[in-house]
Amino acid sequence: MSFPPIRPELAGIEPYGAPQLPVDEVPVQLNVNENPYGPSDACIHDIAAAAADAARTLNRYPDREFVALRTALASYLSGEVLGEIVAEQVWAANGSNEVMLQLLQAFGGPGRTAVSFAPTYSMYPEYARDTNTHWVVGKRADDFSLDLEHALRVVAEHSPDVILLPSPNNPTGTALPLESITALCEAVAGAPGSPTGIVVVDEAYGEFRRTGVPSALDLLPTHRNLVVTRTMSKAFAAAGLRLGYLAADPAICDAIRVVRLPYHLSAVTQATALAALQHAPELLGNVDQLRAQRDKTVAWLRDQGLEVADSDANFCLFGTFGDRHAVWQGLVDRGVLIRETGPDGWLRVSIGTPEEMAAFEDALVEVMKEMS
Ligand SMILES: *Cc1c(COP(=O)(O)O)cnc(C)c1O
């Protein structure tokens, strides 16, 4: 008998996570899709003041329903849709990863099935494993778009309780058309006698989508089984805050309240997230520049003769390389950290500052020259 006596299906598994290399050794860090721009002094000051204020009552448990924060998040989302999103439709947790784990705790579980389509976000099978949810993965088309006919066949065969759809997708950057989301919502909406499921559209990169690309938030009024998740980790430039959230029917938020741990959002998190939200225009102020830099990077990579997936996110997936690990290592040796992820032969680079992208491009040219 080996020690510790962990569940056998977890034995020997490496914890998930991109390599975190010291920034003094690898100064250009373009591997986890962070926003490269930190907050202004005014924003830092307000966040610090909010944390100090929360500290005064740290002897007390925080507001379990985090009403002020839910109201602020609802009002932020309302700016993106035609109708209004209200606080009862919003739920939050320590990163959208925790939101999605809670969704699987409430809507997945033993005897239930979750479905996604590869390449997809690598955390989804982990939420399924951790909640004992049966995991089924279909596939995307060769250009990484969703093959709706195939997706509907997978859904018909497995009757999933939860469908997980990242849009824009990680690691490919591909956004989904609303027609596909609608079709999948209807496919699991429960015709008489068949099981019902929810569709989770993970819009972690939603704010980076190209002009004219819609958000699934627009479908909330017409689809009760739709959940749209967002995060403050990417466009919002607050990955260190750990604040993710969702918008859905209030009944879905109520269901999650059954599985959440009591007081899961600390008083400090609630206070600092609220302060950050008050600086939303500033924190989101670099999104347009990052989108332009992304489009430039896609064009530049194509000019090098590489394949690049169309991207609505703050990263691009490019390739293909016979030995992608050698390319990744060659870049690390030149002080540039990107991500070895996605289908065989592909690599993913996050969009940084113009200086960081110049360093990436110079290093990649050298590595490719050396390898040819
Ligand atoms: C980065 C990312 C998230 C966000 O995770 P947080 O827990 O909110 O930091 C969610 N989904 C996808 C697909 C991501 O790439």
Side-chain angles (χ1 to χ4, degrees), residues 15-18 20 29-36 69 73 76-77 90-105 114-128 130 137 140 144 146 162-176 181 199-209 215-217 227-247 256 260 264-266 269-270 272-273 276-277 283-284 287 290 294 309 311-317 338-342 346-352:
Y16 171 86
Q20 280 194 315
Q29 305 233 342
L30 303 171
N31 67 328
V32 288
N33 303 337
E34 294 155 332
N35 190 319
L69 180 57
L73 288 166
Y76 166 67
L77 285 180
V90 172
W91 179 256
N94 298 282
S96 54
N97 270 278
E98 186 179 46
V99 172
M100 288 186 280
L101 179 65
Q102 291 173 333
L103 282 167
L104 280 238
Q105 288 175 319
V115 158
S116 192
F117 303 92
T120 185
Y121 187 39
S122 37
M123 279 306 297
Y124 298 160
E126 304 214 1
Y127 315 143
D130 294 348
V137 64
R140 285 174 174 257
F144 304 130
L146 191 73
V162 181
I163 303 180
L164 291 158
L165 301 172
S167 178
N169 185 31
N170 181 6
T172 66
T174 322
L176 288 175
I181 297 168
V199 174
V200 181
V201 179
D202 175 356
E203 292 193 348
Y205 303 97
E207 288 93 346
F208 292 110
R209 62 194 194 276
S215 160
L217 289 171
V227 178
V228 182
T229 62
R230 291 282 183 100
T231 181
M232 293 182 76
S233 297
K234 307 287 164 56
F236 234 102
L241 182 60
R242 307 309 297 132
L243 202 286
Y245 55 104
L246 64 72
I256 299 174
R260 59 106 181 91
H264 69 291
L265 273 187
S266 85
T269 300
Q270 293 185 37
T272 50
L277 274 167
L283 289 169
L284 293 163
V287 165
L290 288 164
R294 170 211 46 219
S311 177
D312 279 289
N314 66 335
F315 55 81
C316 18
L317 189 73
I338 66 167
R339 190 77 185 270
E340 210 178 334
T341 186
W346 294 79
L347 292 166
R348 191 193 72 195
V349 63
S350 311
I351 303 304

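One-based numbering, in listed order, for ligands and for the atoms of each. Keep in mind that this is a model prediction, so the values were computed, not measured.
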Could you say whether the N/O atoms of Glu98 and ligand 1 ever approach to under 3.5 Å? no

Are the ring centres of Phe117 and Tyr124 closer than 6.0 Å? no

Modelled atom types, side-chain donor and acceptor of Tyr121 and Asn169, under 3.5 Å: no

Examine the proximity of ligand 1 to Met232 and report which part, side chain or backbone, both or neither, has a heavy atom under 4.0 Å away. neither

Looking at residues at least two apart in the chain, or sitting in another chain, which of them share a side-chain contact (heavy atoms from CB on, under 4.5 Å) with Asn33? Asn170, Tyr205, Lys234, Asn314, Phe315, Arg348, Ser350

In terms of atom number and element, which parts of ligand 1 are under 4.0 angstrom from non-hydrogen atoms of Asn170? 13 (C), 14 (C), 15 (O)

Contacts of type side-chain contact (heavy atoms from CB on, under 4.5 Å), residue Thr272, not counting sequence neighbours: Ile47, Ala51, Leu241, Val268

Atoms of ligand 1, numbered as shown, that sit under 4.0 Å from any heavy atom of Lys234: 1 (C), 2 (C), 3 (C), 4 (C), 14 (C), 15 (O)

Under 4.0 Å from a heavy atom of Ser233: give me the atoms of ligand 1 that qualify, with their elements. 6 (P), 8 (O), 9 (O)

With only distance considered, is Asn97 within less than 3.5 Å of ligand 1 through an N or O on each side? yes

Side chains of Glu340 and Trp346: is there a donor and an acceptor less than 3.5 Å apart? no

Examine Ser96 against ligand 1 and note whether any of their N/O atoms are separated by less than 3.5 Å. yes

Atoms of ligand 1 under 4.0 Å from any heavy atom of Ala204, numbered from 1 in the order shown, are 2 (C), 3 (C), 10 (C), 11 (N), 12 (C), 14 (C)

What residue and heavy atom of the protein are closest to atom 11 (N) of ligand 1, and at what distance? Asp202 OD2, 2.7 Å

How many angstroms lie between atom CG of Asp312 and atom OG of Ser167, to the nearest 0.5 angstrom? 7.5 Å

Please lay out, stage by stage, how Arg230 and Glu207 fare under the test salt bridge (Lys or Arg N to Asp or Glu O under 4.0 Å). CA-CA 9 Å; Arg230 291 282 183 100; Glu207 288 93 346; 3.4 Å; yes

Provide the number and element of each atom of ligand 1 under 4.0 Å from a heavy atom of Arg242. 6 (P), 7 (O), 9 (O)

